[in-house]
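Just so you know, ligand 1 is whichever comes first in the structure, and atom 1 is the first atom listed for that ligand. Positions are given from 1, in the same order as the sequence printed here. Note that the structure is predicted; figures quoted are calculated from it, not measured.
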Amino acid sequence: MSLGEFDLIAKFFTRRVTRAALGVGDDCALFATSPGMQLAVSSDMLVEGRHFLPTVQPARLGHKALAVNLSDLAACGAKPMAFTLALALPRVDEVFLDGFARGLLALADAHGCELVGGDTTQGPLNICITVFGEVPTGQALLRSGAQAGDDLYVSGRLGDARLALEVFRGALALDGAAFEAVRSAMEQPQPRIAFGLALRGLATSAIDVSDGLLGDLGHVLRRSGVGAEVQVDALPRSEVLRALPQHWQRQCTLAGGDDYELVFTAPPQHAARVAAAGLTAQLRVTRIGCISAAPGLRLIDADGRAVVDSFGSFDHFKP
Ligand code: ADP
Ligand code: MG
């Protein structure tokens, strides 16, 4: 006999909480708020066919659903505390739920982020998570703080998730090992929490790359009232991506999406501290350009020539 709504919640999603004052089981979860701290809150929804393929392993889906949310806390420099999980399921499939909960809760435990509540309903597979984090008052990393003269950086590597998507779509082919590497970038992104914390008091602005570098950087430039120059040949990318024609390298790094790396700005005098923050978080950090007072985004190749932006970033409501 299949489990009912409340048995399902009890079996897969109810755990003892230690950071929250009250977790799953009542009408609300409760937190004791700390003096001097601000609560950082963010939601992200994953819809089958839109954000993930029906063939993804349940554990990887559970991981990714939380990872994309934690990535927003990372971009804000917030420390994860807790999350809620709103879930629509077509049916009670215990094999799916077991894998999903395993992937989800393993990442939650790795970041000390507790599941404190949610909602469960029947419907097309849809996962909506809200994360709660904390940051000392006034220290959150915002999109609005970039200054002319700042260096522009990105963590990790860009483009592999988009590359994997293009292989799934049949636009490109990769051999087994190469495909597994980029597939894991797409299905199991690592939220840059430790790095986000290390950037507090150092970065003047930050954003996580979810829709593609150009689009997400555009948000920072608009909110900060500045422009930028980006060196397209300096963008960090995998050996797998480097082996492809230049067009694909640029498309995937500039407008790939689903990268969940941090793009941020810092004044040149902080360059050594930025490098040290990367070492602390065991993360590659690459300077990819600089911020200018003149508005707009200019793309430059290794020879200093202008590159035409024909890439376009992801927008759910645009073709
Ligand atoms: P309510 O009707 O008051 O919203 P529910 O009966 O829907 O509460 O849920 C019972 C409890 O289980 C609540 O504490 C709710 O937060 C929690 N819950 C429901 N679905 C989930 C889920 N997918 N993961 C974690 N907790 C959940
Ligand atoms: Mg409910």
Trainee: Measuring from T33:OG1 to Q38:CD, what's the distance to the nearest 0.5 Å?
Mentor: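 So the OG1 of T33 and the CD of Q38 are separated by 12.0 Å.
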Trainee: Just checking, is any N or O donor in the side chain of S292 or R298 under 3.5 Å from an acceptor N or O on the other one?
Mentor: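 Present: a donor and an acceptor within the cut-off.
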Trainee: When you compare the side chains of S205 and T265, does any donor N or O come within less than 3.5 Å of an acceptor on the partner?
Mentor: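 Yes, a side-chain donor-acceptor pair sits under 3.5 Å.
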Trainee: Any nitrogen or oxygen of V116, main chain or side chain, under 3.5 Å from a nitrogen or oxygen of ligand 1?
Mentor: no
Trainee: Quick one: which of V307, I300, V263, L217 gives a side chain to side chain contact (heavy atoms under 4.5 Å, CB included) with V230?
Mentor: L217
Trainee: What do we get for T120 next to ligand 1 when only non-hydrogen atoms under 4.0 Å count, side chain, backbone, both or neither?
Mentor: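 Contact part for T120 vs ligand 1: both backbone and side chain.
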Trainee: Judging by distance only, is a nitrogen or oxygen of G25 under 3.5 angstrom from one on ligand 1?
Mentor: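 G25 vs ligand 1: N/O contact under 3.5 Å present.
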Trainee: Applying a 4.0 Å heavy-atom criterion (strictly less than), which segment of T84 is in contact with ligand 1: side chain, backbone, both, or neither?
Mentor: neither
Trainee: At a 4.0 Å threshold, what atoms of ligand 1 neighbour a non-hydrogen atom of D119?
Mentor: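 Heavy-atom distances to D119 below 4.0 Å select 7 (O), 19 (C), 20 (N), 21 (C), 23 (N).
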Trainee: Just to check, does F6 reach to within less than 4.0 Å of ligand 1 when the distance is taken from its heavy atoms?
Mentor: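 Within the 4.0 Å threshold, so yes.
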Trainee: Only heavy atoms of F13, strictly under 4.0 Å: list the atoms of ligand 1 that pass.
Mentor: 23 (N), 24 (N), 25 (C)
Trainee: Considering only heavy atoms of G117, which atoms of ligand 1 have at least one such atom less than 4.0 Å away?
Mentor: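 Taking each heavy atom of G117 in turn, ligand 1 has 16 (O), 24 (N), 25 (C), 26 (N), 27 (C) under 4.0 Å.
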Trainee: Under 4.0 Å between a Lys/Arg side-chain N and an Asp/Glu carboxylate O for E94 and K11?
Mentor: yes
Trainee: What distance separates D44 CG from F83 CZ, expressed to the nearest 0.5 Å?
Mentor: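 So the gap between those two atoms works out to 13.5 Å.
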Trainee: Which ligand 1 atoms, with their elements, are less than 4.0 angstrom from a heavy-atom of D26?
Mentor: 13 (C), 14 (O)
Trainee: For R242 and Q249, test the side chains for any donor-to-acceptor distance below 3.5 angstrom and give the result as yes or no.
Mentor: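 Result is no, nothing qualifies.
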Trainee: Between G23 and ligand 1, is there a nitrogen or oxygen pair with a distance under 3.5 Å?
Mentor: no
